[in-house]
Visitor: 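Below is the structure I would like to discuss, written out as structure tokens.
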Protein chains: 2
Amino acid sequence: MKKTILVYGISLAALVGLLRFVEYRFFIHDLSLEFYVGTVALLFTGLGIWAGQKLTRRRTVLVNPNFALNETELRRLAISPRELEVLELISKGLSNQEIADQLFVSVNTIKTHTSNLFLKLDVKRRTQAIQRAKELQFIP
Amino acid sequence: MKKTILVYGISLAALVGLLRFVEYRFFIHDLSLEFYVGTVALLFTGLGIWAGQKLTRRRTVLVNPNFALNETELRRLAISPRELEVLELISKGLSNQEIADQLFVSVNTIKTHTSNLFLKLDVKRRTQAIQRAKELQFIP
DNA sequence: GGAAAAATCACACCTTCGTATGAGGGCTTC
DNA sequence: GAAGCCCTCATACGAAGGTGTGATTTTTCC
């Protein structure tokens, strides 16, 4: 988190610097204010997406009125929030690669999560994991 | 089915013949009636298992009071009984090999079924197939 | 601020899954 | 009895999944 904020600050400074540089170096004073503002907006939108991604990462499980998560069992099996998240995506039929893309991590990471998950759920395959997770009310 | 009945009949005749042969050839008249009856029972149990296997292969889907199979959709997608059977086993978390063992066919056959199934369900993976099958009420 | 837990990633290796293609036998239906 | 569907099986190949090991970074919590 500290690193995230640091990177954000540095990027911010760097972008501002770059804009100033471009502005002076290539004599684009005559470019319209709209263009300038647009560019800034665009760049900071990207930066914002990245930072928001990092900072607001879902810590709580999604709420569903018709589904009560069995947290007792979840704790008993020592399943971490991230693992539960991966489990949900597995149950939605996503591949490891797709899960990795969605969570912005590498496939290897997902494989680690699934592997640990299978150990904790005492299963051998993702299809079994889905079954088991439903039984245990980890997923709707 | 005709073939099954034929094989059953032939086997039946063959076994009776074999028993008579053994009975006379090796002078085992003195073996107890219990032994004789036991042997017959054993052999015909095996034959019965085989025939029953062949003849009573589930053509109808299992009945579950809390689950109504969506047969309309099933027909619309032209999913065959065998495919549905495989689909159910997939949803139970079984591997292709395990399904093959359970249905007494080869893995290749199961692969063919699953492949056709995925086409009809318009999915790419078995986990997706499970999701889709639940949506369509093909499985509980 | 240090220990513990959680999350991240890599890489090699093996297994299982899925696709493509072709083929043969059994049953139904016209 | 030919056409068509279903079920069966094979083989080969590429894609995805799963295991084992080890390591670093982040986050949490006392």
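Chain letters run A, B, ... following the sequence lines, proteins first and then strands; every chain starts at 1.
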Visitor: Checking B:Lys111 now: which residues fulfil salt bridge (Lys or Arg N to Asp or Glu O under 4.0 Å) with it, not counting sequence neighbours?
Guide: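 Scan of B:Lys111 (salt bridge (Lys or Arg N to Asp or Glu O under 4.0 Å), adjacent residues dropped) gives none.
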Visitor: Can you tell me how far P of D:dG17 sits from CD of B:Gln128, to the nearest Å?
Guide: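 Checked: the CD to P distance equals 10 Å.
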Visitor: Who pairs with A:Glu73 by side-chain contact (heavy atoms from CB on, under 4.5 Å), at least two apart in sequence or on another chain?
Guide: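 Result, side-chain contact (heavy atoms from CB on, under 4.5 Å) vs A:Glu73: A:Asn70, A:Arg76, A:Leu136, A:Phe138.
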Visitor: If the helix axis at each end comes from five base pairs, how far does the helix from C:dG1-D:dC30 to C:dC30-D:dG1 deviate from straight, to 10°?
Guide: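 Taking the rotation axis at each end, their angle is 60°.
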Visitor: Rounded to whole angstrom units, what separation is found between the CZ atom of A:Arg75 and the C1' atom of C:dA6?
Guide: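 Taking atom C1' of C:dA6 as the reference, CZ of A:Arg75 is at 17 Å.
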Visitor: Can you list the residues that meet the salt bridge (Lys or Arg N to Asp or Glu O under 4.0 Å) rule with B:Glu71, with sequence neighbours excluded?
Guide: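 Result, salt bridge (Lys or Arg N to Asp or Glu O under 4.0 Å) vs B:Glu71: none returned.
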Visitor: Any side-chain N or O of A:Arg125 below 4.0 angstrom from OP1/OP2 of C:dT16?
Guide: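 No, because none of the side-chain N or O atoms of A:Arg125 sits under 4.0 Å from OP1 or OP2 of C:dT16.
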Visitor: Would you mind reading off the distance between B:Phe104 atom CZ and D:dC7 atom C1', rounded to a whole angstrom?
Guide: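 Interatomic distance, CZ of B:Phe104 to C1' of D:dC7: 17 Å.
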Visitor: In this structure, how many angstroms lie between the P atom of C:dC14 and the CD atom of B:Gln97, rounded?
Guide: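 Spelled out: CD on B:Gln97 to P on C:dC14 is 20 Å.
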Visitor: Figure out the CD1/P separation between B:Ile90 and C:dT16, and round it to whole Å.
Guide: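 That distance rounds to 16 Å.
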Visitor: Quick check: does any side chain N or O of B:Glu83 sit under 3.5 Å from a backbone N or O of B:Ile79, one acting as donor and the other as acceptor?
Guide: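 No; zero donor-acceptor contacts below 3.5 Å.
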Visitor: Considering only side-chain heavy atoms of B:Ser80, which listed nucleotide, D:dG18, D:dC6, C:dG18, is closest?
Guide: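 The closest nucleotide is D:dC6.
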Visitor: Below 4.0 angstrom from OP1 or OP2 of D:dT8, is there any side-chain N or O of B:Arg82?
Guide: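 Yes, because at least one side-chain N or O of B:Arg82 sits under 4.0 Å from OP1 or OP2 of D:dT8.
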Visitor: If I take atom NZ in residue B:Lys124 and atom C1' in nucleotide D:dG17, what distance separates them, rounded to the nearest angstrom?
Guide: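 So the NZ-C1' distance, B:Lys124 to D:dG17, works out to 17 Å.
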Visitor: Among residues at least two apart in sequence or on other chains, which ones pass side-chain contact (heavy atoms from CB on, under 4.5 Å) with A:Ser106?
Guide: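 So A:Ser106 forms a side-chain contact (heavy atoms from CB on, under 4.5 Å) with A:Asn108, A:Thr109.
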Visitor: Test of understanding: with side-chain contact (heavy atoms from CB on, under 4.5 Å), list the residues that count as partners of B:Gln97, not counting sequence neighbours.
Guide: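 Expected list: B:Ser95, B:Ala100, B:Asp101, B:Val107.
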Visitor: Could you state the CD-C1' distance from B:Glu83 to D:dC7, rounded to the nearest angstrom?
Guide: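 Atom-to-atom, B:Glu83 to D:dC7, this comes out as 10 Å.
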Visitor: For the pair made of CG in A:Asn96 and P in D:dG18, what is the distance, rounded to whole Å?
Guide: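 Distance check: A:Asn96 CG to D:dG18 P gives 6 Å.
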Visitor: What residues, two or more places apart in sequence or in another chain, satisfy side-chain contact (heavy atoms from CB on, under 4.5 Å) together with B:Thr112?
Guide: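 By the side-chain contact (heavy atoms from CB on, under 4.5 Å) rule, B:Thr112 matches B:Asn116.
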Visitor: Is a donor on one side and an acceptor on the other found under 3.5 Å between the side chain of B:Lys120 and the backbone of B:Ala78?
Guide: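 Indeed, once roles are kept as given, a pair shorter than 3.5 Å links the two residues.
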Visitor: Between the side chains of A:Glu98 and B:Arg125, is the shortest nitrogen-to-carboxylate-oxygen separation below 4.0 Å, so that they form an ion pair?
Guide: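 Salt bridge present between B:Arg125 and A:Glu98.
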Visitor: With a 4.0 Å heavy-atom cut-off, tell me which residues in residues 106-120 of chain A come close to DNA chain D, sorted by residue number.
Guide: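 Nucleic-acid contacts, sorted: A:Lys111, A:Ser115, A:Phe118.
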